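I have placed the structure first, in the form of structure tokens, so that the comments after it can refer back to it.
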2 protein chains.
Amino acid sequence: MRVADVTIQDIAREAGVSKATVSRVLNNPYIVEIETRTRVEKIIKKRNYTPSASARNLSKRMSDTIGFVVPEIDNPFFCDILRAVSSAIDDFHFTLICCNTDDDMEKDLKALVMLKEHRVRGLLYTPAVDYRTEEERVHLVKILKEMETPVVIMDRHINIGDFDGIYFNDYQGMYNATKALIQQGHTKIAIINATLDRVLARTRRDGYIDALRDSGIEPEERYNVEGDYRMLKAYELSKKLLALKDRPTAVITCNNNTTLGFFKALRERNEQVPRDIVNIGLDMIKELDVMGYRMNFIERDPKLMGQKAYELLSRRMKDNKKPIKEVILDTKLHLYDI
Amino acid sequence: MRVADVTIQDIAREAGVSKATVSRVLNNPYIVEIETRTRVEKIIKKRNYTPSASARNLSKRMSDTIGFVVPEIDNPFFCDILRAVSSAIDDFHFTLICCNTDDDMEKDLKALVMLKEHRVRGLLYTPAVDYRTEEERVHLVKILKEMETPVVIMDRHINIGDFDGIYFNDYQGMYNATKALIQQGHTKIAIINATLDRVLARTRRDGYIDALRDSGIEPEERYNVEGDYRMLKAYELSKKLLALKDRPTAVITCNNNTTLGFFKALRERNEQVPRDIVNIGLDMIKELDVMGYRMNFIERDPKLMGQKAYELLSRRMKDNKKPIKEVILDTKLHLYDI
DNA sequence: CTGAAAGCGCTTACAG
DNA sequence: CTGAAAGCGCTTACAG
């Protein structure tokens, strides 16, 4: 394939030293005599020698790659996480392998196997699905354990135990948002969520329901709708919700795309927030904020999540004995008009 | 490091065959006798053996990775490209190494060196900067050539020749947009661009200026402003532009973030498009579209770019002798109210 | 159809 | 401070 990769052997020969010495110049220059070292370095530069990562990794029994697995790489939420992780790995000290799983279990597992083949040094992982059956969970944990590498679970707490993780406090966010609406006199509050096979959907619903009950309001089934966190589905659900006879006066939307779907449905009816109905969305939508669209939202900071995720991973890479650590990031409620 | 990776040797021993046979079962199962094959396969499964990518790559003198280098991974434009590339690589057939360079030459070069170490099988590359000096260009081309791997340049045509590439027809897009404004009677048309050390800024300016001149309008210096394609800078430039005594009646904004910066400045003045001033932006802004904000824009389809980029790469991986191919994707003008 | 052996390009004890 | 040698975990002609 490659015509003429220059190898460590070539450099050694040309410099009149052994491969071991060239290797030392590369990895541990100060143990090599200055004169030898500079001679070798000059030849490395001249021949434009670039060591082979495969050979190095194989020989060191240690890879230089980190796996990054997310379900939706083109969602600004995950983009921002990716960006923060990229920045945290300064100078390409590690190599980032990026996998998109489309919320698909099969792709998720394939990605993990691929990363296992690469013997990744660490894994930043947002599970594509919840792995709810016992069999699925056992299988997943087995794969993760067998990777024998630090793992940090991001955003979706699927309760497989024994792994570091970083999450937002979605429960509290939803609880506070719902409470705030109630305090403003709303009693008919809807939630556009996702189906409850997703842990985040369950958590968010719990926060919502608990807040209602704590205020003596019994949650109503028809105000509790479940999509898939994508815009199209949220849009369709919103249309139905808005067409109810006894419709809600406030709607909580459970992620950025859901909020957009809701707004789209609203617009088609020539209605507006907060004039015709009140909304609190989960996640800021930067573009709308810039436009002066003062939406109410529960803020989660994905860049912070990316940064902290990498910190957790580093910590674990340094010391595998430390106790499991789960970081819960607070959300913040931004209210303009409810 | 790793406690007990099971290797091909372990499988071979347990199956009572040679490593070569296990290797064949893995790579070329049908040349192995059915009985042997199934026995080996069973043990592979039982021991959960996962071959080492480093060892495989080293031995095959061929990597299974593809490099992806972009300047701004958290810009929806590049996110969409990444997503499309991910999808095009079906089933993780290749492993995607992802690098963000922040429009920084140093990071760009470091990324390339890192990818060279990994002996990537192909490279999808949007240069961080233009590499304008002869010295820089020679250096860059040297690095790219020495990677000895198919390269597809994306989006930024920096004229280093000899590489496949995929670009949008930004010139035509700008030309058409400017012409459309002129046809509506606008003569004072501004452009918020980036500094001309960027090829895309030059291309876009050319389209704009040529359209003006073709209509007998002499471009005015003060209507031609240059930022960095980020929102903050665009916002500041927009404020100045809008405050001019003899200000333009139409403004072309040269990427998504620039458009947002312009809108922000406009909003602060309590002005609106198209009532107070007309705008045509480059790139759709999905969130605004959903909100029914009928902005005028020059559409570029980043998903298409990602998909085609990967097609070009595949083509080149299959046959290194084919002539250089540059694909220019058309843009499409969407006008609602100018 | 299968195995023994060489080789991929490195690193790292070990010995000097 | 340096080199010879073994080894990392695979693949692949070669021979049978």
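Naming: A, B, ... by sequence-line order, numbering from 1 per chain. Note that the coordinates shown come from a computational prediction; the quantities given were computed from them, not determined experimentally.
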In plain terms, say whether Glu41(A) and Lys45(A) are close enough for a salt bridge, that is, a side-chain N and a carboxylate O under 4.0 Å apart. no
Taking Glu14(A) as the fixed residue, which of Lys19(A), Lys42(A), Arg47(A) is the one that meets the salt bridge (charged side-chain N to carboxylate O under 4.0 Å, His left out) rule? Arg47(A)
To the nearest Å, how far apart are Ile11(A) CD1 and dC10(C) P? 9 Å
For DNA chain D, just give me the dot-bracket, please: Watson-Crick or G-U, both distances below 3.5 Å, ( ) intra-strand, [ ] crossing earlier pairs, | paired with another strand, . unpaired. |||.||||||||.|||
Whole-Å distance between dG9(C) P and His118(B) NE2? 16 Å
Heavy-atom closest contact (Ser54(B) atom, Asn57(A) atom, distance): OG-CB, 3.5 Å
Using ring pair (Phe, Tyr, Trp, His ring centres under 6.0 Å) as the criterion, list what pairs up with Tyr167(B), not counting sequence neighbours. His157(B)
NZ/NE/NH1/NH2 to OD/OE distance under 4.0 Å, Arg61(B) and Asp5(A): no
In terms of side-chain heavy atoms of Arg61(B), which of dC8(C), dG9(C), dG7(D) is nearest? dC8(C)
If I take atom CE in residue Met62(A) and atom C1' in nucleotide dG7(D), what distance separates them, rounded to the nearest angstrom? 17 Å
Quick one: the side chain of Ser59(A) and the base of dG7(D), do they pair up donor-acceptor inside 3.5 Å? yes
When you check the phosphate oxygens OP1 and OP2 of dG3(D), does a side-chain N or O of Thr21(A) lie under 4.0 Å from one of them? yes
Neighbours of DNA chain C within residues 27-37 of chain A, by heavy-atom distance under 4.0 Å: Asn27(A)
Any donor-acceptor N or O pair under 3.5 Å, side chains His118(A), Ser63(A): no
If we take the P atom in both dC1(D) and dA5(D), what is their distance in whole Å? 23 Å
For residues 133-145 of chain B, which residue pairs pass the salt bridge (charged side-chain N to carboxylate O under 4.0 Å, His left out) check, not counting sequence neighbours? Lys145(B)-Asp162(B)
CZ of Arg39(A) versus P of dC1(D): gap in Å, rounded? 15 Å
Ion pair Glu106(B)/Lys110(B), N-O distance below 4.0 Å: yes
How close or far is atom C1' of dG9(C) from atom CG of Asp5(A), stated in whole angstroms? 10 Å
Polar atom pairs between nucleotides 13-16 of chain D and protein, under 3.5 Å, N or O only, would you list them?
unit_1  : atom_1 : unit_2   : atom_2 : d
dA13(D) : N6     : Arg24(B) : NH2    : 3.2

Taken to the nearest 0.5 Å, the spacing of Glu311(A) CD from Arg316(A) CZ works out to 14.5 Å
Without decimals, in angstroms, what is the distance between Asn57(B) CG and dG7(C) P? 21 Å
Closest to the Lys19(A) side chain: dG9(C), dC10(C), dG3(C)? dC10(C)
Is Lys116(A) paired with Glu148(A) through a side-chain N to carboxylate O contact shorter than 4.0 Å? no
Name the nucleic acid region contacted by Ser23(B), choosing base, sugar-phosphate or nothing; use a 4.0 angstrom heavy-atom cut-off, strictly under. base
Just list the side-chain donor-acceptor pairs under 3.5 Å for residues 96-103 of chain B, sequence neighbours left out, or say none.
unit_1    : atom_1 : unit_2    : atom_2 : d
Asn100(B) : OD1    : Glu72(B)  : N      : 3.4
Asn100(B) : OD1    : Ile73(B)  : N      : 2.7
Asn100(B) : ND2    : Asp102(B) : OD1    : 3.3
Thr101(B) : OG1    : Val70(B)  : O      : 3.4
Asp102(B) : OD1    : Arg83(A)  : NH2    : 2.9
Asp102(B) : OD2    : Lys107(B) : NZ     : 2.6
Asp103(B) : OD1    : Arg156(B) : NH1    : 3.0
Asp103(B) : OD1    : Arg156(B) : NH2    : 3.2

From CG of Leu58(A) across to C1' of dT11(D) the rounded distance in Å is 12 Å
Give the rounded distance in Å between these two atoms: NZ of Lys60(B) and C1' of dA6(C). 18 Å
Quick note, Ser18(B) side chain, CB onward, closest among dG3(D), dG3(C), dC10(C) is dG3(C)
What verdict does the salt bridge (charged side-chain N to carboxylate O under 4.0 Å, His left out) test give for Asp164(B) and Lys325(B), after you've listed the backbone C-alpha separation in whole Å, the side-chain angles of each residue and the deciding distance to 0.1 Å? CA-CA 5 Å; Asp164(B) 296 325; Lys325(B) 185 164 172 182; over 6 Å; no
